[in-house]
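Numbers here are sequence positions counted from 1. Reckoned from all heavy atoms, side chains included, excluding hydrogens, waters and symmetry mates. Every number for a ligand or one of its atoms is a count from 1 in the order of the listing. The shown structure was predicted, so the numbers you read here are calculated from the model rather than taken from an experiment.
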Amino acid sequence: MRKQGRAQSEVLAELDNLRTRDVPWNRVLNSICTVPHEAALRAGQAALDSNLGDLRIFRGCREVEQKALALMGGLLGKADCAGSLVSGGTEANLLAMYVARKRRPDIAHPEIVAGETVHYSFGKVCDMLGITLRVVGLDERFRMRPDAALEAINGNTIALVGTAGSSEFGAVDPIEELAAIAHRRDLYFHVDAATGGFIIPFARALGRDLPQFDFSLAGVSSIAMDPHKYGMSIIPAGAVFFRDQALRDSINLESFFNATPTHHSLIGTRSGAAAAATYAVLETLGFDGYLDVTRKNYRVMDYLIEQLVQHGYRLVAPPQLNIVNVDLPNAVEVMRALEECGWIISVSKRFRHCLRLVVTHHVDEAMVDEFVERLRSIATPPAL
Ligand code: 0PR
């Protein structure tokens, strides 16, 4: 650290300058996160000095958090489910698996069963909690196969995990069938809807053919859903919901001090900014506002698909949520060439022929036109 500080204006100018190096959103096609809603940005900025780790001081912020949780919980088919606002999908999945682990102290070598496209956060989570992750095969649309899940479940299984919106494909596992399997066996069933949680309820209302994924299914024990992805809140805003209070309370931890509430998430001192931002965007948009956002995302995605197909490209599978994968044998090379031209897209390390394009709030038809033109100048579609 320098001995004497610099002028604040100089430091801030340096930071502004560094931020100009960030890629502008209109060249970003790989990110599940997007430009936050204006209400979220403003509310978040106004609450940056708060600490949800001390609820005796920040009583107002606590109320904001409760209100945000109630609004999200209301989307999940069980008004009295018990939620926590957390830092994102990773923490949500960690807490869910922590609860599942606590629920079965009798199992010495715990395992969980999930589909091959389960998010990599489960790798970390299982490592931390001493759980073995058993991944099972997918169908032709990259969804977990329930028959494979059934085969993998054994006496050490403490939880089944379904993904409602995989990071790579936006694929939604057959949550209804998986929930039924879990229910029959009294198995904990976690739904990772970090990505799909803010899409599926609205897409279903718009008539899209997607399975139910929430607590209206008897077997669902917990759900991760991230406001900082398709919810258009600021980062870090994630959420985890448990079917009932008792499940959430199983990981409660007392703090040192009298009259301080128990903690039930990982992080102690944490800003109330994300809670305020999340509440602000939920209230400003309302259900109809999210319907409009979702309708627009599907419209732009359908346009992208139409343009790609018209120019001879093929998709690896029809997408369920707003993630499109183009089948290209040299996808990694194409990704690098696109990046040289300023465009950020992604290619999975495991599915190297899939050029992945994420459609979210900041993507529109004009951006699609520019992108497809650039893609055509780089990658000839493979002959059929
Ligand atoms: N579960 C699913 C299904 C996810 O898609 C993600 C993140 C997580 C859990 C973990 O969430 P957090 O990252 O909030 O802890 N999926 C994105 C991905 O891996 C994260 C991301 C977002 C990466 C924006 C890049 C980016 O620009 O693709």
Side-chain angles (χ1 to χ4, degrees), residues 22-36 72 84-98 112 114-128 133 135 138 142-144 159 161-173 175 178 190-200 210-211 213 222-241 265-267 270 274 277-278 297 319-325 335 338-339 343-351 354-363:
D22 294 349
V23 174
W25 282 113
N26 70 356
R27 287 293 177 272
V28 174
L29 277 171
N30 74 319
S31 176
I32 281 171
C33 300
T34 185
V35 193
M72 275 184 276
S84 299
L85 276 191
V86 296
S87 55
T90 304
E91 188 184 345
N93 291 332
L94 171 68
L95 295 180
M97 292 303 99
Y98 189 21
I112 63 170
E116 211 182 310
T117 51
V118 68
H119 191 258
Y120 54 78
S121 50
F122 282 89
K124 293 187 215 181
V125 166
C126 287
D127 206 28
M128 286 193 261
L133 173 61
V135 295
L138 308 172
F142 304 96
R143 299 171 298 199
M144 179 181 187
V161 175
T163 303
S166 64
S167 172
E168 285 150 312
F169 299 102
V172 183
D173 286 341
I175 302 296
L178 295 171
H190 175 62
V191 180
D192 179 2
T195 290
F198 272 98
I199 304 176
I200 299 170
L210 292 166
F213 75 109
S222 55
I223 301 172
M225 104 190 246
D226 280 357
H228 72 200
K229 296 189 167 80
Y230 281 82
M232 293 170 66
S233 185
I234 59 169
I235 297 169
V240 61
F241 291 87
S265 54
L266 178 69
I267 294 170
R270 62 197 174 96
T278 301
N297 287 341
Q320 292 179 279
L321 304 186
N322 305 126
I323 299 177
V324 174
N325 277 273
M335 176 193 80
L338 282 166
E339 191 153 342
W343 286 92
I344 310 290
I345 60 100
S346 46
V347 178
S348 159
K349 286 182 183 152
R350 305 183 291 184
F351 304 95
C354 299
L355 188 114
R356 170 180 175 268
L357 307 168
V358 180
V359 175
T360 181
H361 178 59
H362 62 269
V363 182

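A donor-acceptor contact shorter than 3.5 Å is absent between the side chain of Arg356 and the backbone of Ile323. Counting only distance, with no hydrogens or angles, the side chain of Glu91 and the backbone of Gly238 share no donor-acceptor pair below 3.5 Å. With Ser84 contributing its side chain and Val240 its backbone, the two residues share no donor-acceptor pair below 3.5 Å. The backbone N or O of Ser87 lies less than 3.5 Å from no partner atom in the side chain of Arg270, so there is not a single donor-acceptor pair. The backbone N or O of Phe122 sits nowhere less than 3.5 Å from a side-chain atom of Asn93 that would complete a donor-acceptor pair.
Shown in contact with Asp226 at under 4.0 Å from a heavy atom are these atoms of ligand 1, numbered in order with element: 11 (O), 14 (O). Near Gly165, with a cut-off below 4.0 Å to any heavy atom, the atoms of ligand 1 are 3 (C). Within the listing of ligand 1, atoms 28 (O) sit less than 4.0 angstrom from a heavy atom of Arg356. Counting atoms of ligand 1 from 1 in the listed order, those under 4.0 Å from a heavy atom of Ala194 are 1 (N), 2 (C), 9 (C). Within ligand 1, counting atoms from 1 as listed, the ones closer than 4.0 Å to a heavy atom of Thr90 are 10 (C), 11 (O), 12 (P), 15 (O). For ligand 1 and His228, the ligand atoms under 4.0 Å from any heavy atom of the residue are 14 (O).
Salt-bridge formation is not detected for the pair Glu116/Arg350: no Lys NZ or Arg NE/NH1/NH2 atom is positioned less than 4.0 Å from an Asp or Glu carboxylate oxygen.
Looking only at heavy atoms of the protein, atom 5 (O) of ligand 1 is closest to Thr195 OG1, 3.0 Å. Scanning all protein heavy atoms for the shortest distance to atom 28 (O) of ligand 1 gives Ser167 OG, 2.9 Å. The nearest protein atom to atom 23 (C) of ligand 1, hydrogens excluded, is given as Tyr120 OH, 4.9 Å; this is a heavy-atom distance. For atom 2 (C) of ligand 1, the closest heavy atom belonging to the protein is Asp192 OD2, 3.5 Å.
With a 4.0 Å cut-off on non-hydrogen atoms, Asn93 touches ligand 1 through its side chain and not its backbone.
Residue contacts with ligand 1 leave out Ser166, since none of its heavy atoms falls under 4.0 Å from the ligand. No heavy atom of Glu91 sits closer than 4.0 Å to any atom of ligand 1. Not a single heavy atom of Lys124 lies less than 4.0 angstrom from ligand 1. Distances from ligand 1 to the non-hydrogen atoms of Glu168 include no value under 4.0 Å.
Protein heavy atoms are absent from the 4.0 Å sphere centred on atom 25 (C) of ligand 1. Protein heavy atoms all stay at least 4.0 Å away from atom 21 (C) of ligand 1.
On a distance-only criterion, His119 and ligand 1 share at least one N/O pair closer than 3.5 Å. The N/O atoms of Ser31, backbone and side chain alike, include one that comes under 3.5 Å of an N/O atom in ligand 1. At under 3.5 Å, not a single nitrogen or oxygen of Thr163, backbone or side chain, sits near a nitrogen or oxygen of ligand 1. Between Lys229 and ligand 1, a contact under 3.5 Å exists for at least one N or O pair. For ligand 1, none of its N or O atoms has an N or O atom of Cys33 under 3.5 Å away.
Going from atom CD1 of Ile344 over to atom CD of Glu339 covers 4.0 Å, rounded to the nearest 0.5 Å. One distance of note links OG1 of Thr117 with CG of Leu138; it measures 5.0 Å at 0.5 Å rounding. Between the CD1 atom of Ile345 and the CZ atom of Arg27 there is a distance of 14.0 Å, given to the nearest 0.5 Å. Atom OG1 in Thr360 sits 7.5 Å away from atom CE in Met232 (nearest 0.5 Å).
Shortest non-hydrogen contact noted between Cys33 and Ile235 is SG-CD1, 4.1 Å. Contact between Ile223 and Phe213 at its shortest, heavy atoms only, is CD1-O, 3.9 Å.
Using bins of under 30°, 30° to 60° and over 60° for the plane-to-plane angle, the ring pair Phe351/Phe169 lands in the perpendicular bin.
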